[in-house]
Each structure stands twice: as structure tokens, then as C-alpha cells.
Amino acid sequence: MQPPTDTLAAPELDSPAAEATAVENPTVGIDQSAGDFTYDVKYEFDAGNGLSEDVIRYISSVKKEADWILDFRLKAYQTFLAKPMPTHWATKDLENIDFDKIRYYLSQGTKPKRTWDEVPDDIKKTFERLGIPEQERKFLAGVEAQFDSEAAYSNVKDIVAKQGVIFCNSTEALREHPELFKKWFGKVIPTGDNKFSALNSAVFSGGSFIYVPKGVKVAMPLQAYFRINAENFGQFERTLIIADEGAEVTYMEGCTAPKFSTSTLHSAVVELVALKGAKIQYITVQNWANNVFNLVTKRAIAMEDAEVKWIDCNIGSRLTMKYPGVILKGKRARGEVISIALANDGQHQDTGAKMIHAADDTTSVIVAKSISVGQGRSTYRGVVHIPKHLKGCKNNTECDALLINTNSRTDTYPAIVVRGDTHAVQHEASVSKVSEDMIFYMQQRGLTEAQAMSLAVNGFVNDLVRQFPMEYSVGLKRLIDLEMEGSVG
Amino acid sequence: MPSLEIRDLFVALAATPDKPIVKGLNLTIRTGEVHAIMGPNGTGKSTLSKAIAGHPDYVITSGDVILEGKSILAMEPDERARAGLFLAFQYPSEIPGVSIANFLRAAVQARLAEGEELDATAYYKHLYSKMDMLKIDRKFTSRSVNEGFSGGEKKRCEILQMAMLEPTFALMDETDSGLDIDALRIVAEGVEAMRGDKLGVLLITHYQRLLDYIVPDYVHVMYDGRIVKSGDKSLALELEAKGYDWVKQELAAV
């Protein structure tokens, strides 16, 4: 995605390093239509296929939005149309997205039409092996549009409300609390940041808006999982989290179970605002079906003494492009990105991080690990920018890639621009293979080749997995086991 | 009594199958016995142990290896391991990010029947009793397998794995290489502690000094891919005194 162009976002940067050669995403052996859904058309709740001003007006009217939001959407639509696909640096596979075939809005009235019998056997098996509860399986497989967790969500919402925390969806937030959210909405990631942030700005629905008042420390992690439904499960989530001065909050989204999406294009925008001394931790675990384009823009702004940490795990999808960033706007602000990506056959994980230093004594840390299995491809793309007029900035970047098979692929495109002579920057990158001797050693202790492979992979990401909350780290380990099964022999 | 029989075995590198390294080797080991194979470098000792364990770099071109009455040649390396065969490596691999405790746990789990879950409490109790027996510090097993280990630590890690997995037959490949006297003593004490009628051991060594600590029941001299001389522990001493040239000369005289 393009770097920020808004005034907030400070210095202009070149695009992330262009790819030397664009290679099509390998799709061998993958049925890209697997997981597609059919719908009963109910015009009352359905905007139909394709995108136009009418569709946007329709979405806005269903949501009973204020005029300024409709204007915001319509302007964003023009920006979306005007922006070219970023294929001068990103994969040409983006050209395979057919915008006319996509449904841009589905509200709660519309239910996917699919029965449990129609869910592919391998998916059912995966749910079983991951130990997903019966009720959740149906939801995750798209058999049921609503996961019956409304009660759990309102419970959490009530508890945090006592601390003055606002936790609701984008529609409700912009309608009920414009005084809090309007100020930052679309400011950390301006509409024109990239083609897909513009698309999201035109058609967004669902997502979480959170405001944590001054000095409030939210003890429990807030989870999107509690409140997913047809809309929130959606394609164009919009999330904005504001932690006021000295506030602290952790947000978690996604789960390790494979997510059968209702659309092949998912394009979320997530904006985080950490005001003076605030701390935000944002944890994502996503495991998309093989036919999904997952093109997400995530960025935070950290004011004086604030800390923002993105913990991100991407598994599955056809193409994921995601580079969580932090604009270090205030003195001594700290930004961190911890990222794990796993690309299997027919999948391309194009992930990384952006650290934009815009104040003295700011610190950023990037640790990215990727695993390429079979014909999977992982790409690390990073931007670190420290301008000349600043003093005492630090960055530490580490990106490690693990290749499982001889036809697996990894690329690294770090773009580090440091001006001035009072900064400390460190960059380490490694590419490794699981050696035959290591596998033989483990087999000699009685592990099968597949068990040996998954243990090696789990070891590779172990230091990062430990940073995930328990419920994710256990699931991640199982998931890696499953992903490795087909990779040997 | 269970036995490991090596019958007229020929082994070559998979890349060059027409150039045998082990050339018609015969040896039978029963549980309760400790055999030592000695021989000059490049004579095929390590090749023998790796081929028996099923290393993919080697190919057995003829002959057979029989474990408790069954040929193991068609078995995968992990099946051979679960059937009771253990190889203590001369150069054990590092497994970054995987602790010794977790690695051994996976290995123990792999030996359980499908669907059977490992009892974590019992496992740690078992592990700690073996560590106490081998005088290994509790902190040791939280370290990643062999990562950044000294030569002595690597060998100690091998011995601990052997103690935990309780094999029927252990092949110990140059276990003494790169060890100082203290480390050598620890390894030897470990093997001596496990010695008994449930375990058969094949010690592969270049030098006699390991045999000062582990006294073998049988000593074999390997030369040019086969066993050329067998005897009791006195053979090792004779070798030490006269050197391998003595064997070569004897062979030439025949």
C-alpha cells in the first residue's frame, strides 16, 4: 500500500521497494471457487453486485447515516476509481479481482444459503481436528450467519462501559458518538492512502469503534470474536480505536479456524490512536479460505510516550497484503510489529510493517517471520523512515524466512531510510531451510516426517507465538501441524 | 532374547550406489551385551550406524538387518526408532526454538497408540528421575535442543534422550569424540547406568579410551568395510598398544 500522504502522516516516501519481477500467484491444484456462496436475493437488505454511487447511497441510507458520512463515502468512491492498481510494485494477481462481481453490502437480513452437507469434507475435518465447538463450526463454515454470542458480547460491553469505555460498531459509533470519533476517523489512514483504503472508505460496514477515556486501563482484552455476525464478518470492516491519555487497551480479532468468507475480496481499514502515554496492543489471527484477496490497511499514530504494538498472524488466503504501521508522532513514542505469515500452495503472503519516525527519541521494533510451504510464497515488505531533523531514534528490524520445500519462495524488500547521525538502526534478515539432517535426527527419535516438520516450524516461530494469548497460541500450534501434513513425502 | 542381526550388509552412498563403503558385514548383538566396533577413520563405522538407522543419504545394496526377527530395511527411520532402535549421533542436529523437554515429550507421545494422550505429570516425573540418575540440572531441558551446546552438553543431551526413550538397541556413533575426560566420564556413567539385560549396545569408537569407562563384552575391529577381527576387551588393549597397522599387516599376511 502507498505510504501516508496526509499531513498527519508526515514525510513523503517512495513506494515500498518495487518488485523486480512480478510472478503470478501459483494457483496449481487450488480450486479458487471452493468456498463460494450462493444467496437468495432479498433487495431489502442487499445492494446487489457491483459498485456505483447508487450502491453507496443505498448503504448509507440503510445505515441511516449523517450527510457528512455519505459525502465521505462518495468522495472516497471517486478516489477509488481514480487510483490505479498498485501493480507497479505489487503482484499482478491484483488484476484478477473483478470489482463488478463483488457484493459490497450484506446486512443482517441476508443469510448465506448453504447447508452443513455442502461444506467440503476437508474443512469439516479441520474444524474437528482444531477442536472447534459444534455451534461455532456452523458459523465459521457459513452455514449460520449469526454466531450466538450476542450475550457474551453485551456482557463485555456492559463491564467496560462502567469504566466509560465505548465499544460498538462503526455505524453506531458515528451516529451516537460523532464528537469522539469524527476527529480521528479517516485521519490516520486517509481515504487516498491506497486504492483499497479508498474502496473501504466508500463501502465500509461493521468493524469495531472503541474509545478508552483518560487513564482507564481495560483489564480484559476486547474481542471482535464476541460480536461477529453477517455484517461484521464482512468484507469491508472499519475499525477505529482511540486510547485517550494514559489509557491502555488490548484488542483481539480473528481465530485460528479457517474462515469461510462470503466474498473473495476483503479490504479492512484499521486506525489506532494512542494519545499521550497511552498503550494499545492489537492482536490479529486470520486464516482465510484459499480464494480470498485480503487487502488490509492498518496504521496507528502514537503521541508522546505512547506505545503501540501490532501482533499479526496471517495464514491462508490467495493473496494477503498487509503492512501494519506506526507513525511515531510524539517524543519517546514506541511502535512494534510482530508478524507471522504462513503461505501454503496457491497462497501469497505479502506482509510487513511501516515505521514512520516523526519525533525525537522514538523507538520502533519489527520482528517478522514467514514460512513458505509447497508452492507458497511469502514476501516481506518494510518501510522504516527516520528524517534528518530528528535526534535519538532507534529501529530494530529482524525478518526471518523459512522455506519448507524446494519450490517454496520468499522475497524480502526492506526500505530503510535514515538521515541524520544520532540514530541507531539495526537490520537482520535470514532465510533458512529445514535441513534433511534435522528431520532425520527427529525421525530417529520416533517422530514421523510430518511431525518432525511441524515441530521444526513450531520451533521457528516459537518466540513469537509465545507473545500471543494462550487461546491463540494453542490453536496456532495445531494449525501449523495441520498445514505441515501435506508438505512432506 | 531379542537380537539385532546384521547379515552380509553392503552399504553405499545413495549418490554412488556402485561404490560400497560397508562390504559384507556380519554381526549379531543380543540384549545385555555391549559390543565395541573399533577401526581407523574412513573404514565405514559411521556409515554402518547411519544406514541401520535409515539415513536417506545411504543405500543398502544387499544383505539385511533383522531386529527381533524382522527385517527393518523397508521401515522408515521413525518406524525403526519406535521399534526400539536408538542412534546416539556423532554430530547431533540443533532444533532452534524447541526445548529438550518438548522434544522428548513429542518423541514419547509418538510411541503411544493413536488417540492415547500423554499424561503430562507422569511424563515430567519420569523425565526428572532420569535427569537425576544422569546428574543433569533441571534447567537443562528448557534449553533448545543442541542449540549453542558445547560438545559435552550435546552428548549429555543424547544420553538423556536414550535414557528417556529406553531403546532395545543403542548404536552410539563416536560418542567420545570431542569430549574432555570429565564429559567422557559422564557419558560413560550414563551408559553404565542403563546397561542391563534389556539393552544391547553397539559402541563405535576410534580410540580405546572410552573403553576404559565402558568395558565391552566384545570388541570388533572394522577395516575396509567389514569386521576383520573379533575378541574380548583385551583386543582393545592390544590394538591400543600395537596400533591399526598391526591389523593391516595381519590381513596382508593372510
Side-chain angles (χ1 to χ4, degrees), chain A residues 125 128-129 131 338 340 342 367 369-371 398 400-406 428 430-468 473-474 476-478 480-481 484-485 488-489, chain B residues 14 49-58 75-100 102-112 114-115 142-147 154 157-158 160-167 170-171 173:
Chain A
K125 206 172 136 197
E128 205 163 292
R129 308 261 311 261
I338 302 290
I340 299 175
L342 193 152
V367 185
K369 294 202 179 191
S370 70
I371 302 145
E398 185 188 331
D400 300 319
L402 186 68
L403 300 173
I404 300 297
N405 304 92
T406 46
E428 277 179 64
S430 75
V431 179
S432 49
K433 275 209 64 158
V434 178
S435 74
E436 207 172 61
D437 275 337
M438 195 205 282
I439 295 299
F440 176 69
Y441 183 69
M442 292 193 259
Q443 278 190 278
Q444 211 302 305
R445 299 306 183 240
L447 277 67
T448 63
E449 195 179 356
Q451 287 167 341
M453 194 60 94
S454 43
L455 199 61
V457 172
N458 272 300
F460 173 71
V461 293
N462 187 31
D463 54 333
L464 300 192
V465 169
R466 261 185 282 181
Q467 301 207 31
F468 285 80
S473 57
V474 173
L476 273 175
K477 196 196 157 301
R478 284 202 206 128
I480 289 172
D481 290 347
M484 288 303 122
E485 272 183 4
V488 293
Chain B
S49 64
K50 285 185 185 164
I52 294 171
H55 194 290
D57 282 355
Y58 298 92
M75 293 160 79
E76 292 293 321
D78 53 297
E79 294 176 277
R80 300 181 194 195
R82 294 194 300 271
L85 196 67
F86 184 92
L87 172 63
F89 286 68
Q90 184 178 6
Y91 304 109
S93 291
E94 296 184 0
I95 315 175
V98 178
S99 70
I100 296 174
N102 280 339
F103 180 50
L104 272 171
R105 190 178 166 149
V108 172
Q109 173 77 53
R111 283 162 172 77
L112 300 177
E114 204 171 328
S142 60
R143 294 174 66 186
S144 292
V145 179
N146 297 320
E147 200 182 23
K154 282 185 181 171
C157 182
E158 294 293 287
L160 175 62
Q161 293 175 48
M162 183 174 149
M164 276 301 284
L165 300 176
E166 297 174 342
L171 315 172
D173 187 10

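Letters A, B, ... mirror the listed sequences (proteins, then strands); counts begin at 1.
- The CD atom of A/Glu436 lies 6.5 Å from the NE2 atom of B/His55; values are rounded to the nearest 0.5 Å.
- Between B/Val98 and A/Gly459, the shortest heavy-atom distance links the atoms CG2-CA, 3.6 Å.
- Neither the backbone nor the side chain of B/Asn102 comes within contact range of chain A; no heavy atom of the residue lies under 4.5 Å from a heavy atom of that chain.
- For A/Asn462, there are no side chain to side chain donor-acceptor pair (under 3.5 Å) partners two or more places apart in sequence or in a different chain.
- Note that CG of B/Asp78 and CE of A/Met442 are 12.0 Å apart. Values are rounded to the nearest 0.5 Å.
- Neither the backbone nor the side chain of B/Gln109 comes within less than 4.5 Å of any heavy atom of chain A.
- Among residues two or more places apart in sequence or in another chain, the side-chain contact (heavy atoms from CB on, under 4.5 Å) test is passed with B/Ala53 by A/Phe440, A/Gln444, B/Leu87.
- The contact between B/Pro92 and chain A is made by backbone and side chain atoms together, counting heavy-atom distances below 4.5 Å.
- Among B/Ala107, B/Pro77, B/Gly54, the residue with the largest count of heavy-atom pairs under 4.5 Å with chain A is B/Pro77.
- Nearest heavy-atom pair, B/Ala106 versus A/Leu455, reported as atom, atom and distance to 0.1 Å: CB-CD2, 4.3 Å.
- The two atoms that bring A/Arg445 and B/Ala81 nearest to each other are C-CB, 4.1 Å, heavy atoms only.
- Within the 4.5 angstrom heavy-atom criterion, only side-chain atoms of B/Arg111, from C-beta onward, approach chain A.
- Ring geometry for B/Phe103 against A/Tyr441 counts as parallel: the plane angle stays under 30°, on a 0 to 90° scale with 60° as the upper cut.
- Interatomic distance, B/Glu76 CD to A/Glu449 CD, rounded to the nearest 0.5 Å: 7.0 Å.
- Of the atoms belonging to A/Asp437, heavy atoms from both backbone and side chain fall under 4.5 Å from chain B.
- Distance CD/B/Glu79 to CD/A/Gln443: 9.5 Å, rounded to 0.5 Å.
- Neither the backbone nor the side chain of B/Val108 comes within contact range of chain A; no heavy atoms are under 4.5 Å apart.
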